[in-house]
Amino acid sequence: MKEKLQLLLMGLFLAVIGYSQANAQQMAKLSGTVTDAKTNVSLPGANVYLVEVEKGAATGVNGEYTIENVPVGTYNLTASYVGYIAYKTTVTVKPGDNTLDIKLNPDVLGLNQLVVTAFGLKRAKKSLGYSVQDVAGSNVQKTNESNIVNALQGQVAGVMINSSSGQPGKASRIVIRGNTSFLGNNQPLFVIDGIPISNAEDSNPSNDALFVGGTSNRALDLDPNMIESISVLKGAAATALYGSRAANGAILITTKGGGTEPQKTKVTVTSRIGFDDAIIKGFQTEYLQGQNGYYQNGLPADQGGYVQPNAVSITGSAIIGTQTSLSWGPSKNNVNPQVLQDLKVSSIPTYDPRKDFYRRGTVSDNNLSITGGVPSGNYFLSVSNLYQQGIVPSTNLNRTNLMAKFDTKLNKKLRIVTSASYIDTKNDWQAEGNGSLSYLFGLNFSPISFNIKDSQYPDGSQRNYFPSFNNPFWLTSNNGYTSKVGRLIGSVKADYTLMPNLTLSEQLGIDTYNDIRKGMVNVGTRGAPDGSMFDQKINRTEINSNLVLQYQKDINDNFSLNALAGNNINTRYYNSQYEDGTGLSIPDFFNISNASVVSAIQTLERIRLYSFYGEATLGFKDYVYLTLTGRNDWSSTLPKKNNSYFYPSASLGFIFSDALGLKNSIFNYGKLRLSVAQIGNDAPVYSLATNYLQANPSDGVRGDIIYPYNGYNGYEQSGTLGNPNLKPEISTGYEAGLDLRFFNGRASIDASYYTRTTKNQIFSVPISAGTGYDSYLSNAGELKNYGVELTVSGTPIQTTDFRWDLMANWAKNTTDVIKLAPGVTSIYLAGFTDPQVRIMPGKRGYGIIWGTRYARVTKDNQSQYKNAAIGTILIGDDGLPVIANDLGPIGNVQPKWTGNLRSTFNYKNLSLTALFSANYGGQIMNMDLYYTTYYGTSSVTANRGSNYLWKGINVNTGAANTKTIVQDEAYFRGWYSSWDENFVEDGSYVKLKELSLSYSLPHRILNKTPLSGITLIASARNIWISTKFTYGDPEGNLLGSGNGQGFYHDVTPNTRSYSFTVRLSL
Amino acid sequence: MKNFKKILFVVLLVAVILPLSCSHFIDVNKNPNNPVSVSPPLQLTAMLGNFSYEVIGNIPARICDEWMQQLAWNGVPPSDDNYDTNESDVDNLWDPFSYINVMKNAKILDEQATKDSSFAYAGIAKVIFAWNMSIVTDLWNDVPYSQAFNPSDITPAYDSQQSIYTDLFKVLDDAIADMKKNSRTTPAGDDLLYGGDMAKWIRLAYTLKARLEMHLTKAPGMTASAQAQKALADLQNGFQSNDDNANFQYFDRKGAENPWYQFAIDGKWDTRDQLSYQYVNMLKNLNDPRLIVQARPVGEVNNQGLVPGVVQDSTYVGHPNGSEGTGTNTVSSIGRFYSNPDAPLNWMNYAEARFIEAEATFLTSGAAAADPVYRDAVSASMDQLGVPTDKAQAYIQSLPTLTSANAIEQIITQKYIANFLHFEVFNDWRRTGYPSLTLAEGAKISTIPRRFPYPATELQYNAANVTKTGVPVGYSSMTYRVWWDSK
């Protein structure tokens, strides 16, 4: 409430300031039209501005403008329109009516395009010596994704995005140009209008993600409706000025509004409804619950439990009175008549448990925004609400965003931009993962002969096809997690023009949120029969001050200089208060007072960073630009003796087409980019000392002992050895790029090659526990990322009414793990003890799937096998692959390359866009396939009883294997589901990620209405996927946005979605 | 220009003042969440709680007592039950339970308490250290010892089991000496095992020493009689009655329950770790009155009546090791004496002291001399388990008289029953071959395992030293013998 009040006051205050400047005078009038110089088409919405009197106007639907009350005199006039080269002239205004028609030249090459770089500084794109890629806000909004990270999917070369789950609000991971840190954060910094904000995933405190799944990444709070554009800073040189916080790149978000030219007030209402359907694939639909072809219904004896008479298991033992959770019963078309007679049915009813469970998700997204300006400034106000009901019952996301932004020129020298947004995000989600609390644990094994909708017995206890799993419906109506986030992002920025070429600006920003969470496990839950709950309150606050002195000067006709010096102060707080209660006295009452044992944990963190930085760009003749930067950080997390560190960068932009006179009618523009940069990074908070932890004996499985124990507290020294001698880590990046444009800008190629090496990483080096510790923080290891990014775009067809735009991007990144720490041969990233995902030395060494595997022909044993090809599978006399004695690499989660193709057809006011995304070569550890094959519900088991011939050679004779095996229950349960390598699947895919059709009503219709625009959009996402992955869509990762990816296990499937949008502008 | 001067002033102020205060500004790296030092009583409760839950009541007993066919996995094979035990399954015991949570912390407590002249604490720390280390070396043979607990050497070399054993006896002697000294501070309730009764700790240390001496009866270079004599000498000062039993008390309260309860009964994980067919039948054949204490009747799977529809049955049934599960309600679960939430976990008992004495007496003085001690030992076990005296006596009388031919088998078999759910039964089996067991169904290796594979973290982070031991990676490692387990 306090934040809300502050916001309101701030808004009022600025509104008063803004409008007090607009006072009336009785003067002359200037009017005219703005048109395209080539086609003479009128340009509605262009800005015309008289510099000295600070007056201006926006053009109407026919390109006409009128500026009233202009004092007589001579002025500098500017006119601008998106996509056109800015126009400047001098105009003499005489008493009465004056007319000036303006013709703008299209900026076909985009040469004057400004891009946002570090600290929100706008730079001409042509002057940059490194790669920056822009995403228009409209492309973000078109995706209809509620999470901004997902909305970036496919838009920028070299950016990898993985959504972790199909539940609303679940985290997505974004990585630019590969993982650069072994175990630290690898995701970019998010910056909104110059203010760094948190994109943390505050994990579920009640258990490890393996057992309860991930949570949300906090960029989720951003409303895509408010975004004007996003600038993606990829390489080290682009972020060198930002320093360590942007060591993994930066996502710079510019919200709507802004600019200094007056604009007509524009009210836009956008309303969208959408539907999400679960992508369900990979389950068999024929075989009933039971074993060895005998039918069993899984229910307890006193609740109608039934076992087919004379049933025997595959081992030959009689099944008397015991039940099974397996779906290895008879085919639904071949049930023993005795069973039908016993149960008095003509056939066993069957269901589709997965379809029965998932519901159609719905989304409504409504946004009202007002933008406009007067000569002394402009404003942007926005209010939105997104309400999403997920495909899983009881899962919801409800987000409300309020934003106000005022940009005010207080006088000729001082300009103040104030913005504040308040966000309220409520999220209800369900546990995922390997545990009885996860609804998927029961759902994925649900036999087709069980009606999961019938989830309760008359006495209220839960009913399921087997007593040790929870019924998913019972779980979703009893258990779950909630989060209520209140977040304020606000900033004040003052620009003061000290001298014509010298500006001083200070921006002070805050991002603060409280996340109030609750976890609920009701009494009667299998695996936690007494119930449990938690309350957690998280506060994360970041305050950032940035002071910049900027100098800009054209030294002479040849040389220009753009220099700045700045100071940055950054503080970050984290406070988590967590109360865990077990043993609930009253069912369904989740108040901590209801718990029989309560334990509490408080975690406080404070990090401060203090920096000075400078940048100078020297331009020569508009075709050579050399930029040098330097930054010195002082970080609180490093030891005092090492806490100051400096790092420089240099980049060169060389427009060789201009310098060497290479331009012709085909080749219009060519630029070479070269850069080298270093970035320093500090240590994790509180990592210098070795601490004591409250004792918490556990069995590594599910049980534990809570201290204080029997009234006595206990502390043990942690296994993590602190390091009081840490040094900052410095990574070095090189980048070369080409920007080529052809055919009057209708075709362009942008290519980059980069390398980035991080040596002496600050990371927690796992060590032999024989030392008494399992890890020590060190400066160790070396990791290199290198790769190529290619973006090709063009307009193959362009006529007056029709236009076809194509954009393709392709990226290949290789993470070469050059060395780990001394004595360390691999590092655990995620997963179980086996299988797991780990880091190992070598190319593509980040994200190796490790587990039990087939024995193969190797260099060592090749001679025994008549020199059969290395890698050939060795098959035993039983026709099954021999399993190697030791565990080893069985896959790699990193894709070999990613690519996207966007095609847009515009015909008059109709626009059709298709975005295809491809991901090639990444593998997935599909733990679900392991479990569902064992239980007999996976589609792999649909061909039970059929023969199969494993390809390989006999381990004894070396001859090609000819022994076929029968794929029966014994095979699938006893052999197939025992070995990890059987479950490594190719995660490659090609998707029609996005298809949207939009139609803007023509002006001739609009002219009869008070509206200036009506746009209708129909769009769909994920409607076509081509993949070998069993479950249809390989996107999904149990471990949320963490470094361990490719771990598909009990995660909510991704969705196919459709939505319809109406946008009205006034 | 007036404004300009003002601004310039501010800029200069910022540029001059801020850097001056910078070092103070960033001096915020003191951890408010965790202390960097704590007093011995707080370390003691942590160490004892960890040792009890993470070592005594954990992997060594859980896995080895399936191998020893007291327990069986009534689920789907493969499992530890038929030797599907890999480097990952045993990893927790090494890292972090033993080397970090217990032994390193015991070292720290020992050093800190010694410095502080709190010798009682130092003595307890030494006992726990030695005990845990003996379990580690009994399971893995050569392990880091002399180079261990020193993070400046991150790949500690492995010491031979022989040298480790030699040193452990010294550590226990030092512990006893410490515990006899005047201590500046003494434990009370923070001693979660004996409530500060140092006399009991001393008797425990002597009994432990005797146990370790007996481990070496067949060790190369040792003689059974010499080891037996040492053990008998130690037992003079060892446990005197069941009052001395090392029982770690648990409570019927969330987060304070007995480890067997949490592991096999409460349904948090699985209720399918139940009794072995071999074991139940052995007790049935012996008509052993302890069966109904050690096993629950069929159907009494858990304390909550979690499985609806299960009908309680007054029969006792075990599950054949390695065979496929038949449903929890068809097999006996671990008896309430051991698996109630508030059951104490017995670390070592008086009966074991008497069985050691019986075996040592046999080795030094023959069967006749050992016979009464053996019967006392069984009686002590009956007493511990609360078996009525008449039933106990009838049973003891039914036992055969010890002869030189049957003595070891009889003593060790009875010790095996008395030490139900103890890791020690694995040591006795390796040493003596009793009770004689047959291979589990679907066994992953052709013999019953004789050791643990080296753990996954050692293979990853200390690979060169693992290689030097000559023990391969994989199931076959479990057929290798530890030093004292000579053929």
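Letters A, B, ... are given to chains in the order of the sequence lines, protein chains preceding strands, and every chain is numbered from 1.
At distances below 3.5 Å, not a single donor-acceptor pair connects side-chain atoms of A:Tyr776 with backbone N or O atoms of B:Ile154. A distance-only check finds no donor-acceptor pair linking the side chain of A:Arg606 to the backbone of B:Asn29 [under 3.5 Å]. In this structure, the side chain of B:Lys104 does not engage the main chain of A:Gly770 through any donor-acceptor pair within 3.5 Å. Side-chain atoms of A:Thr582 do not come within 3.5 Å of backbone N or O of B:Lys254 as any donor-acceptor pair. Counting only distance, with no hydrogens or angles, the side chain of B:Asn34 and the backbone of A:Leu693 share no donor-acceptor pair below 3.5 Å.
For a residue to count as touching a neighbouring chain, one of its non-hydrogen atoms must lie under 4.5 Å from one of that chain's; by this rule A:Tyr715 touches chain B with backbone and side chain alike. In this structure, chain B has a heavy atom under 4.5 Å from the backbone of A:Gln602, while its side chain stays farther away. Contact of A:Leu299 with chain B is not made at all, since no heavy-atom distance falls under 4.5 Å. Within the 4.5 angstrom heavy-atom criterion, only side-chain atoms of A:Ser978, from C-beta onward, approach chain B. No part of A:Phe832 comes within reach of chain B, as not one of its non-hydrogen atoms sits under 4.5 angstrom from that chain.
In this structure, B:Asp91 CG and A:Tyr828 OH are separated by 11.0 Å, a value rounded to the nearest 0.5 Å. Considering CG of A:Asn643 and CD1 of B:Ile26, their distance stands at 4.0 Å, rounded to 0.5 Å. Remark: A:Tyr692 OH to B:Leu42 CG distance equals 10.5 Å, nearest 0.5 Å. The OG1 atom of A:Thr771 sits 6.5 Å away from the CD1 atom of B:Ile100 when rounded to the nearest 0.5 Å. Rounding to the nearest 0.5 Å gives a distance of 10.0 Å between OG1 of B:Thr155 and CD1 of A:Ile767. Interatomic distance, A:Trp850 CH2 to B:Ser88 OG, rounded to the nearest 0.5 Å: 10.0 Å.
Interface summary for chain B: among A:Ala695, A:Ser596, A:Pro697, the most heavy-atom pairs under 4.5 angstrom belong to A:Pro697. Of all the listed residues (A:Gly305, A:Gly714, A:Gly772), the one sharing the greatest number of non-hydrogen pairs under 4.5 Å with chain B is A:Gly772.
Outside the 6.0 Å centre-distance limit, the rings of B:Tyr99 and A:Tyr773 are not counted as a close aromatic pair.
The pair A:Asp699-B:Arg62 meets the salt-bridge criterion, since a charged nitrogen lies less than 4.0 angstrom from a carboxylate oxygen.
At a cut-off of 3.5 Å, with distance as the only test, a side-chain donor of A:Glu716 or B:Asn50 sits close to an acceptor on the other residue. Side-chain N/O atoms of B:Gln460 and A:Thr825 include no donor and acceptor closer than 3.5 Å.
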Check step by step if side chain to side chain contact (heavy atoms under 4.5 Å, CB included) holds for A:Lys640 and B:Asp27. CA-CA 8 Å; A:Lys640 276 180 191 163; B:Asp27 189 13; 3.5 Å; yes
